[in-house]
Amino acid sequence: MAKYLLLKHYRGAPAPANDVPMDKWTPEEISAHIQYMNDFAARLEKTGEYVDSQALAPEGSWVRYDGEGRPPVTDGPFAETKDLIAGWMVIDVDSYERAVELAGELSAAPGAGGAPIHEWLELRPFMGSHHPTITE
């Protein structure tokens with residue numbers, strides 16, 4: 001089994017087919033989108049392929065170590081990241097091909113008008129996971 005991160009972006013990836021920003025969706029469209037993702041995760045829980053997922057709030061800060069005995073330095077808000085990362089899901093699957101299959105399915109979550117978004121998801125293996133197909 002190999003773990004993969006499915007990373008959802010607000011911006012920074014190629015535009016999805018149904019390219020209406022989420023802040024323009026109706027409450028019902030948002031609910032349908034979230035329900036699709038919850039149903040997807042529940043199905044993967046039953047197959048043992050689901051590890052975890054979270055949606056991210058747009059607020060946040062950059063933080064770094066500033067030396068012994070000194071408080072961490074913060075800088076924010078970090079518009080670059082909050083505009084890009086909407087949420088993530090971690091899956092644990094038998095193959096890279098299965099990871100691609102699941103990412104494609106998650107990409108079809110409904111958006112404006114109930115039509116699939118066909119959004120681009122970033123698929124990244126965890127360090128140490130066996131994923132020969134990526135480099136071969």
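Keep in mind the model is a prediction, meaning the values are calculated, not measured.
Of the inter-residue distances, the one linking L44 atom CG with M89 atom CE reads 6.5 Å to the nearest 0.5 angstrom. Distance check, rounded to the nearest 0.5 Å: CG of L56 to CH2 of W88 gives 8.0 Å. Expressed to the nearest 0.5 Å, how far NZ of K24 lies from CG of D19 amounts to 12.0 Å.
Between E29 and G113, the shortest heavy-atom contact is OE2-N, 2.6 Å. The two residues P116 and A108 come nearest to each other via the heavy atoms CB-O, 3.4 Å. The shortest heavy-atom contact between H33 and P110 is ND1-O, 2.8 Å. Residues L121 and A103 come closest through the heavy atom pair CD1-O, 3.3 Å. Pairing each heavy atom of I91 with each of V51, the nearest pair is C-CG2, 4.0 Å.
Taking the charged nitrogens against the carboxylate oxygens, R70 and D66 do have a contact shorter than 4.0 Å, which makes a salt bridge. E105 has a carboxylate O that lies under 4.0 Å from a charged side-chain N of R43, or vice versa, which qualifies the two as a salt bridge.
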Side chain to side chain contact (heavy atoms under 4.5 Å, CB included) for L102 and Y4? Distances and angles first, verdict last. CA-CA 11 Å; L102 292 175; Y4 289 86; over 6 Å; no
Can you check side chain to side chain contact (heavy atoms under 4.5 Å, CB included) on D94 and M1, steps first, answer last? CA-CA 5 Å; D94 288 329; M1 300 286 277; 2.7 Å; yes
Trace of the side chain to side chain contact (heavy atoms under 4.5 Å, CB included) decision for N18 with H118: CA-CA 7 Å; N18 185 356; H118 298 290; 6.0 Å; no
For K8 and E122, what are the C-alpha separation, side-chain angles and deciding distance, and is it a salt bridge (Lys or Arg N to Asp or Glu O under 4.0 Å)? CA-CA 7 Å; K8 295 175 65 71; E122 187 175 348; over 6 Å; no
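In this structure the side chain of L123 never reaches within 4.5 angstrom of the side chain of L5, judged on heavy atoms. At a threshold of 4.5 Å between non-hydrogen side-chain atoms, the residues D92 and E49 do not count as touching.
Side chains of Y50 and S53: a donor on one and an acceptor on the other come within 3.5 Å.
Taking a 6.0 Å sphere around CZ of R124, one finds it holds 12 or fewer heavy atoms contributed by other residues, nucleotides or ligands.
I34 and V20 fall within the same hydrophobic cluster, where Ile, Leu, Val, Met, Phe, Trp and Tyr residues are linked whenever their side-chain heavy atoms come under 4.5 Å apart, directly or through other members.
Of the possible polar contacts, none joining the S107 side chain to the W120 backbone as a donor-acceptor pair under 3.5 Å is found.
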